[in-house]
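First up is the structure itself, then whatever we jot down about it.
Within every chain, numbering begins at 1; the chains are lettered A, B, ... in the order of the sequence lines, protein sequences first and strands thereafter. What's counted below: heavy atoms across the whole structure, side chains too, no hydrogens, waters or symmetry copies.
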Amino acid sequence: MTHTRRRREFLSNFSRERNARRGEANPVLDFSGESLRVRFAPSPTGKLHLGSARTALLNWLVVRREGGKFVLRLEDTDVVRSSPEFEQDIIDSLKWMGIDWDEGPDIGGPFAPYRQSERMDLYREQVSRLLEEGKAYRCFCSPDELEERKRKVVAQGKPWRYDRKCLEIPQEESERLAASKPFAIRFRVPEGKVVVKDLLRGEVVVDSSEIADFIILRSDGRAGFNMAVVVDDITMKVNLVIRGDDHLTNAVRHAMLFEALDSAPPLFLHHSLLLGKDGAKLSKRHAATAVSDYRERGYLSSALANYLSLLSWSPGDDREIFTMEELVSEFNLKRLSASRAIFDIDKLNWINRQHMKKLSNDSLAGLVRPFIEKAGEKELQKIPPEKFELAVESVREKIETLSEAVEQLLIYTKKPDEITDKALEELRKTSDLDEVFDICLEALRENPGSSRDVAERIVKGLREEAKARGWGAKKILWVLRLGITGHVIGPDLIYLIMFWGSEGCAERMEAKRRIHELH
RNA sequence: GCCCCCAUCGUCUAGUGGCCUAGGAUACCGGCCUUUCAAGCCGGAGACAUGGAUUCAAAUUCCGUUGGGGGCACCA
């Protein structure tokens with residue numbers, strides 16, 4: 001595991017260097033008195049993706065653990081694909097997950113605005129500066145021309161990279177042409193090796209000849225992504241950039257831009273990407289990808305965050321279930337792994353179950369209720385609160401998500417005489433059916449009420465009755481279940497009796513016996 | 001194609017040269033429990049990609065190979 005070694009060496013060098021300067025110790029990160037500033041910068045071109053949520057969570061955990069500020073910045077320069085609805089989804093989803101920010105488009109902050117679309121002048125200013133300093137140049141090649149030249153090069157089997165045609169244009173001519181011809185501005189990539197300091201991967205060295213002169217200002221006057229990001233990270237004083245692996249090569253461009261703008265680059269951490277079962281970047285063809293999808297499906301936010309945190313990270317012991325608070329105190333960058341992470345819904349389901357287990361019946365019932373309303377189950381909504389809580393308690397062990405509770409609870413809305421074919425069949429093949437029915441009804445009538453005691457007494461009594469007759473307990477209890485619910489599966493008998501009361505259960509059994517002629 | 005990143009059970013991971021006949025979790029299979037479905041408990045199967053090198057000793061260090069991923073846009 002090369003990465004482990006490199007990361008640890010780098011981390012220890014990093015802290016040693018800093019600590020020596022300050023003369024004090026900090027276990028992981030130390031910015032020489034500057035406070036930590038991290039950012040999460042999604043582009044509102046879709047709902048908050050699980051992978052982005054993981055990035056946001058990583059940033060949040062680090063900053064809440066180490067102290068510092070968390071900045072939310074919207075990278076909405078793509079006017080066509082960006083939309084306010086997606087922006088809202090991102091904000092709602094982050095909040096739902098328990099991720100909060102100290103500065104952002106909704107709450108402002110000392111470096112506002114926090115939407116790139118509102119910062120264009122700032123970018124143009126810096127682009128002009130680069131242009132004046134000869135670190136950038138105008139490119140008059142039209143998209144069609146570029147396409148044409150690219151096609152020719154590719155046809156010869158050579159890799160295409162911008163050919164610097166416009167770099168040859170003399171300064172005066174460039175300025176003259178600028179008045180009459182549309183142009184974009186490209187960054188003039190300097191020669192030499194570029195080093196990206198990455199907390200996870202050590203120092204990544206790339207020769208700048210690998211990088212083409214990229215666009216920093218489009219011909220329509222909008223700044224390019226790389227330029228906007230760098231100007232923002234400088235002006236917002238971001239000193240740690242945690243983002244996906246897919247930006248590692250961009251980091252090389254960014255490092256060059258920081259240098260060109262006379263700014264120290266932040267420290268980077270490029271985490272591995274979230275992948276689907278087949279190993280490709282997680283996308284809709286693998287599973288639902290939006291955080292809001294999981295919210296709607298009845299996952300607990302704490303479970304989703306817990307699961308996401310466990311990809312590429314472990315506490316170093318066998319513990320796996322953490323609340324958000326526990327994650328903040330346990331999370332440590334030193335234990336983050338650089339290897340890939342495949343999304344596994346089974347594990348998420350299990351973790352969700354573990355989180356639901358920790359909830360009281362009362363809280364769980366409260367969380368289930370909205371799912372019933374959304375499902376439009378009127379009958380379930382009519383159940384009075386105490387009964388509802390009881391009903392939820394009776395199904396909680398059976399469900400993996402909150403929404404699954406709805407279908408499980410439906411058993412409590414069945415009419416007294418309703419029965420499934422399967423249940424009828426089971427009853428009809430029971431020997432001494434009439435007698436067993438009578439035994440059940442008698443036990444129910446002799447113990448009126450709906451308390452747990454009553455329910456337990458009834459079931460216990462029926463067990464003894466079966467034993468006395470030399471039957472298995474199943475012979476009687478199976479009929480009791482089918483008689484009360486009309487279904488072959490369902491909650492524990494104790495709960496059924498408590499829910500309907502022994503009188504109610506007796507009525508339900510009689511209704512079925514009469515209407516379906518069970519003898 | 002070029003550049004970069006990654007590589008332990010199907011999946012998530014523990015593992016920093018001897019505690020490793022590789023540990024845990026999940027999923028899977030079997031058993032127990034049991035009125036059903038679950039849950040729970042017990043057990044089983046299941047991995048160091050590969051070839052070299054260093055070393056008394058390598059999952060762990062180094063090099064090559066293979067495989068996977070990402071990037072190479074007037075997208076972000």
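When distances are taken from the side chain of A/Arg481 to each of B/C3, B/U26, B/U35, the shortest belongs to B/U35. Here the nucleotide nearest the side chain of A/Ala473, chosen from B/U35, B/A7, B/C4, is B/U35. Nearest nucleotide to the side chain of A/Leu477, out of B/C12, B/U35, B/A38: B/U35. For A/Pro143, the listed nucleotide lying nearest its side chain is B/C74; candidates were B/C5, B/C74, B/A14. Counting only heavy atoms from C-beta on, A/Lys398 has its side chain closest to B/A38 among B/G15, B/A38, B/C4. Closest to the side chain of A/Glu397, from the set B/U11, B/C5, B/A38, is B/A38.
Here the separation of B/U13 from B/G52, taken at their P atoms, is 30 Å to the nearest Å. Comparing the same atom, C1', in B/U16 and in B/C20 gives a spacing of 15 Å after rounding to whole Å. B/A27 sits 16 Å from B/U11 when the P atoms are compared, rounded to a whole Å. When the P atom is used for both B/U60 and B/A49, the distance is 8 Å, rounded to whole Å. The same atom, C1', is picked in B/C12 and in B/A47; the two are 13 Å apart, to the nearest Å. Between the P atoms of B/U50 and B/A22, the separation comes to 16 Å (whole Å). When the P atom is used for both B/U36 and B/G24, the distance is 31 Å, rounded to whole Å. Rounded to a whole angstrom, the distance from the P atom of B/G67 to that of B/C32 is 48 Å.
Residue contacts shown for A/Thr485 are absent, as no nucleic acid heavy atom lies under 4.0 Å away. Within the 4.0 angstrom heavy-atom criterion, only backbone atoms of the sugar-phosphate kind lie near A/Leu311; the bases stay farther away. Residue A/Ser314 is classed as a sugar-phosphate contact, given heavy-atom separations below 4.0 Å to backbone atoms only. No engagement by A/Cys440 is indicated, since no non-hydrogen atom pair under 4.0 Å with the nucleic acid exists. If you check every strand for non-hydrogen atoms under 4.0 Å, A/Asp317 touches nothing.
When both distances must be under 3.5 Å, the Watson-Crick or G-U wobble mate of B/U34 does not exist. In this structure, B/C2 and B/G71 make a Watson-Crick or G-U wobble pair, each of the two defining distances being under 3.5 angstrom. Pairing partner, B/U16: none, since no Watson-Crick or wobble contact has both distances short of 3.5 Å. Under the Watson-Crick and G-U wobble criteria, each requiring two contacts below 3.5 Å, nucleotide B/U61 is paired to B/A53. With a cut-off of 3.5 Å on both pairing distances, the Watson-Crick or G-U wobble partner of B/U26 is B/G10. Pairing for B/A45 is absent, judged as Watson-Crick or G-U wobble with the two contacts each under 3.5 Å.
Distance A/Leu310 CG to B/U26 C1': 11 Å, rounded to the nearest Å. The separation between A/Tyr307 atom OH and B/A25 atom P is 17 Å, rounded to whole Å. If you take CD of A/Gln116 and P of B/C75, they are 14 Å apart, rounded to a whole angstrom. In this structure, A/Leu274 places its CG atom 12 Å from C1' of B/U11, rounding to the nearest Å. At whole-Å resolution of the value, CD in A/Glu400 and C1' in B/U26 are 11 Å apart. A/Glu330 places its CD atom 16 Å from the C1' atom of B/U13, with the value rounded to the nearest Å. Protein atom CD of A/Glu320 is 16 Å distant from nucleotide atom P of B/G23, rounded to whole Å. In this structure, CD1 of A/Ile321 is placed 14 Å from C1' of B/U13, rounded to the nearest angstrom.
Salt bridge annotation for A/Arg222-A/Asp78: absent, with no cationic side-chain nitrogen under 4.0 angstrom from a carboxylate oxygen. The existence of a salt bridge linking A/Glu148 and A/Arg151 is confirmed by a sub-4.0 Å separation between a basic side-chain nitrogen and an acidic carboxylate oxygen.
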Detail all sub-3.5 Å separations between protein N/O atoms and N/O atoms belonging to nucleotides 70-73 of chain B.
unit_1: B/G71; atom_1: O2'; unit_2: A/Thr249; atom_2: OG1; d: 2.8

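In this structure, a donor-acceptor pair under 3.5 Å is absent between the side chains of A/Arg253 and A/Asn226. Side-chain contact of A/Arg39 with A/Asn59: a donor-acceptor pair under 3.5 Å is absent, judged by distance alone.
The number of heavy atoms from other shown groups lying within 6.0 Å of NZ (A/Lys358) is above 12. Other residues, nucleotides and ligands contribute at most 12 non-hydrogen atoms within 6.0 Å of the CZ atom of A/Arg188. Open room surrounds CG on A/Asp421; 12 or fewer heavy atoms of other groups in view lie less than 6.0 Å from it.
Mapped onto RNA chain B by nearest heavy atom, A/Phe140 and A/Asp278 fall at different nucleotides, with A/Asp278 at the one closer to the 5' end. The residue among A/Leu493 and A/Lys277 whose nearest nucleotide of RNA chain B is located toward the 5' end is A/Lys277.
Contact between the side-chain N/O atoms of A/Ser312 and the OP1/OP2 oxygens of B/U13 is found at a separation under 4.0 Å. Note on A/Arg463: a side-chain N or O is less than 4.0 Å away from OP1 or OP2 of B/U35. The phosphate of B/A39 has neither OP1 nor OP2 within less than 4.0 Å of any side-chain N or O from A/Arg396. Using a 4.0 Å cut-off, some side-chain N or O of A/Lys357 falls inside it from OP1 or OP2 of B/G40. Look at A/Trp350 and you'll find a side-chain N or O under 4.0 angstrom from OP1 or OP2 of B/U26.
Taking the ring centre of A/Phe183 as origin, the terminal cationic atom of A/Arg138 falls inside the region bounded by 6.0 Å and 45° from the ring axis.
A pairwise comparison of heavy atoms in A/Ala280 and A/Arg285 identifies CB-NH2, 3.7 Å as the closest pair. Of all non-hydrogen atoms in A/Leu57 and A/Ala305, the two that sit nearest each other are CD2-O, 3.4 Å.
In this model, no side-chain donor or acceptor of A/Lys347 finds a partner on the base of B/A27 within 3.5 Å.
Within the 4.5 Å cutoff, the side chain of A/Pro315 has no heavy atoms near those of the A/Phe331 side chain.
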